[in-house]
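Some notes on the structure that comes next.
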Amino acid sequence: MAEKICVAVRVRPPISQDSSSGIFWRVEDNRISLHKLHGSPISGISYAFDYVFDETCSNAKVYELLTKDVIHAAVDGFNGTAFAYGQTSSGKTFTMNGSPNDPGIIHRAVNDIFQKIQMISDREFLIRVSYMEIYNEEINDLFAVENQKLQIHESLERGIFVAGLREEIVNNAEQVIKLLESGEVNRHFGETNMNARSSRSHTIFRMVIESKGTDIHSSGDYSSCDAIRVSVLNLVDLAGSERIAKTGADGVRLKEGKYINKSLMVLGNVINKLSNGAKQRAHIPYRDSKLTRILQTALGGNAKTSIICTLAPEEVHVEETKGTLLFASRAKRITNCAQVNEILTDAALLKRQQLEIEELRRKLQGSRSEVLEQEILKLRNDMLKYELEREKLETELEEERRSHKEREQRLRDQQLKIETLSSLVSDGDRSSSQGSMKESPTDECNYRGDGFKTPCFKAAGNVFVAMRSNNSELPDFSPLPDSFSNVADEDTWFKMNKGYVADFDSLQTTPARKVQSFPPQDITPDCSNDNYKEELQNLKRQLELVIKEKNKLERKHEEEVQLNGRLMGEISELKQELDVSNNSLEASKERYGSLEREFQLLKEERDSLLKSVSESSKKLTFVTDQKENILKDLNWEVQRRKDLEAEIKQFSVAFASRQRSLASIHGEFKSKIEKLRAENPVPLHKSLQY
Ligand code: ADP
Ligand code: MG
């Protein structure tokens with residue numbers, strides 16, 4: 001959407017006490033005008049802008065009103081540029097960089113961007129920053145002192161860019177601020193008079209904000225989600241405009257010198273041309289300076305741009321201030337057309353293709369067996385082939401039938417002709433016997449000087465009657481003998497054709513059959529019987545020839561009939577074959593179906609078998625375990641038995657020896673008792689007590 005560049009003017013607080021106090025700048029709302037002290041405004045020097053900030057205005061307010069929208073738009077994918085223009089010491093650096101108490105636009109923008117992207121949950125961001133200085137038309141990298149005199153390039157993907165410029169990927173505002181500080185240190189590097197340099201150099205702080213959607217699945221449309229937004233934000237602190245303002249604004253010839261800042265001068269020209277409207281915008285000299293080339297998109301292109309023009313209020317600077325105001329009012333007329341920069345990266349394309357491939361694969365798997373489809377396709381093709389062959393044979397047969405019919409027709413004609421000739425011959429015989437002859441001198445037939453008329457015969461399908469014109473030559477061959485004397489009147493022809501009237505056109509197309517031609521003879525109307533006989537002979541010969549031909553044709557016809565029969569047989573065979581192949585196709589389809597079913601069944605069976613096998617193997621392990629346990633028990637039992645047996649054996653041995661010893665003791669006792677009894681006999685009752 002076309003929109004004007006946003007332009008604001010900012011008046012800094014006065015630094016020195018003005019000695020003269022004749023005039024001053026008055027700020028009212030969004031208007032600034034030059035006034036006489038305690039007096040009326042000076043006519044013609046009054047300008048209105050989007051905003052006019054007086055000396056009490058803080059950087060916070062400037063940011064809020066002038067730059068915030070550009071910064072937020074940059075997060076949303078629009079290119080953005082904010083730059084400060086004005087003479088040296090008018091407050092450009094104060095506006096862009098600020099002070100510890102009141103941070104400038106750059107600091108505020110950086111903080112704002114990181115705050116904003118943290119609130120956007122459905123996109124992920126990648127932010128790169130670079131910091132450069134254009135000094136004496138040379139681009140130097142403020143992040144890397146070694147990167148000096150860098151070149152500007154242009155490419156389709158990146159647009160206009162500074163080759164070799166260091167870009168730092170940053171994750172938070174603090175990191176950026178630190179980098180900026182280090183950049184300032186580099187700027188001081190090797191430069192004794194910092195202020196002199198800064199008034200002649202431009203600094204461009206650039207942020208490249210890339211973002212892409214994080215949630216692919218919610219929208220379903222991966223094209224928009226995968227699109228990457230890339231926006232470039234330039235925050236520019238320009239060189240002092242004092243010389244340029246004078247020359248550029250008033251058109252006074254520029255005084256050449258080493259302090260002239262080419263970039264700033266070209267910037268003035270570019271703004272001038274852009275502000276002149278569409279007519280003069282044919283050529284804008286962006287390429288004339290490094291600054292305008294880098295800011296090309298920001299000036300009259302795809303960018304949201306805001307310019308802050310800083311003014312020094314002192315009376316001593318009034319001319320410079322006027323120049324700055326002129327620049328600002330021209331810039332106000334520039335229209336830009338900003339749009340979101342969306343690009344599809346290779347990765348995004350790849351992702352999209354991968355998704356498509358996945359989908360296709362899913363579709364392929366979802367369809368029925370590929371093999372079956374192919375088989376059916378093949379069979380269908382075969383069927384089509386057979387069908388075509390059949391059709392071809394049918395047309396051939398049709399053709400054959402037609403030609404057969406034609407031949408038959410021709411034969412019939414021949415037959416008729418022969419019959420006619422035969423009847424003519426017999427008529428001739430009769431008339432010759434009567435000795436009279438018909439004559440018609442008015443006939444249109446070829447009439448020879450001697451009065452003998454020769455009819456012209458041509459066989460043509462079912463037509464063979466015509467008269468030869470008077471001028472026509474005799475043909476080389478003729479269907480009938482030319483020397484026909486008595487049949488030349490029209491009535492006879494009419495009779496012969498059974499009412500058929502000859503068509504001359506069809507006569508022309510009929511191929512003439514070579515029949516022996518009989519040269520005309522000098523025959524007078526009252527010719528002799530010998531002549532007739534001779535002629536009859538001739539006619540008979542002719543007839544024989546015709547009959548021969550007829551026989552030949554009949555033979556040929558028979559042959560063709562046979563051929564037809566053969567062809568029919570072949571066709572029916574082919575049909576049968578086709579039926580067979582159709583049947584086999586059906587059968588194979590059925591077989592396939594049954595096989596598939598069988599396969600399914602087998603699969604199920606296999607599954608159940610596998611299940612039972614696993615169950616039985618489980619059981620087996622259980623049983624094996626049990627068996628092992630039992631075996632262990634058994635072994636233990638056997639061992640125990642063996643031990644017991646050994647014990648029993650020991651016991652029995654001990655028992656036997658004990659028994660033996662007891663028996664011997666008993667024997668001893670017995671013998672001792674016997675001996676004692678024998679030594680001391682006791683009464684019987686005592687011995688019984690004992
Ligand atoms: P420039 O960059 O245009 O040469 P500076 O930003 O360096 O000018 O400003 C010159 C001086 O004026 C600095 O000391 C700065 O602090 C002071 N100054 C500029 N603008 C303001 C302002 N709006 N409020 C307070 N001080 C300011
Ligand atoms: Mg400065």
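Whatever order the structure lists them in is the order used to number ligands and atoms, beginning at 1.
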Exercise. In the protein, what heavy atom is nearest to atom 11 (C) of ligand 1, and what distance, to one decimal place, separates them?
Worked result: I15 CD1, 4.0 Å
Exercise. To which protein heavy atom is atom 20 (N) of ligand 1 closest, and what is the distance rounded to 0.1 Å?
Worked result: R12 CB, 3.4 Å
Problem set entry | Top protein contact for atom 6 (O) of ligand 1, by heavy-atom distance | F94 N, 2.7 Å
Problem set entry | Working for side chain to side chain donor-acceptor pair (under 3.5 Å), residues N59 and H107 | CA-CA 10 Å; N59 281 332; H107 287 219; over 6 Å; no
Seminar exercise, completed: In ligand 1, the atoms that come under 4.0 Å of a heavy atom of G91 are 1 (P), 3 (O), 5 (P), 6 (O), 8 (O), 9 (O), 19 (C), 20 (N)
Seminar exercise, completed: ligand 1 to P13, heavy atom cutoff 4.0 Å, flagged ligand atoms 21 (C), 22 (C), 23 (N), 24 (N), 25 (C)
Problem set entry | Heteroatom distance test (D237, ligand 1): nitrogen or oxygen, under 3.5 angstrom | no
Exercise. At under 4.0 Å between heavy atoms, which part of E55 makes contact with ligand 1: side chain, backbone, both or neither?
Worked result: neither
Problem set entry | R287 atom CZ: more than 12 heavy-atom contacts under 6.0 Å | no
For this session: Begin from the C-alpha positions of D54 and T56 and carry the test side chain to side chain donor-acceptor pair (under 3.5 Å) through to its verdict.
Result: CA-CA 6 Å; D54 64 14; T56 63; 2.6 Å; yes
Exercise. Taking atom types as modelled and ignoring hydrogens, do the side chains of E242 and T88 form a donor-acceptor contact shorter than 3.5 angstrom?
Worked result: yes
Exercise. Among side-chain atoms of R31 and S46, is any donor-acceptor pair under 3.5 angstrom?
Worked result: yes
For this session: Flag atom 13 (C) of ligand 1 as yes if some protein heavy-atom distance to it falls below 4.0 Å, otherwise no.
Result: no
Problem set entry | N/O/S atom of T93 inside 2.8 Å of the Mg ion (ligand 2), strictly under | yes
For this session: Indicate whether the side chain of R10 and that of T95 have a donor and an acceptor atom separated by less than 3.5 Å.
Result: yes
For this session: Could you list the atoms of ligand 1 found under 4.0 angstrom from a heavy atom of Q87?
Result: 3 (O)
Problem set entry | Verify atom 17 (C) of ligand 1: protein non-hydrogen atom under 4.0 angstrom away | no
Exercise. Among protein heavy atoms, which sits nearest to atom 7 (O) of ligand 1, and what does the distance come to when rounded to 0.1 Å?
Worked result: T93 CB, 4.1 Å
For this session: Please could you name the atoms of ligand 1 that R10 approaches to less than 4.0 Å, counting only its heavy atoms?
Result: 23 (N)
For this session: Given side chain to side chain donor-acceptor pair (under 3.5 Å), test Y131 with E184 step by step and report yes or no.
Result: CA-CA 10 Å; Y131 197 24; E184 286 305 317; 2.5 Å; yes
Exercise. Atom 1 (P) of ligand 1: which protein heavy atom is closest, and how many Å away?
Worked result: S89 N, 3.4 Å
Exercise. Where does T310 meet ligand 1, judged by heavy-atom distances below 4.0 Å: at the side chain, the backbone, both, or neither?
Worked result: neither
Problem set entry | Donor on one side chain, acceptor on other, T324 and T321, under 3.5 Å | no
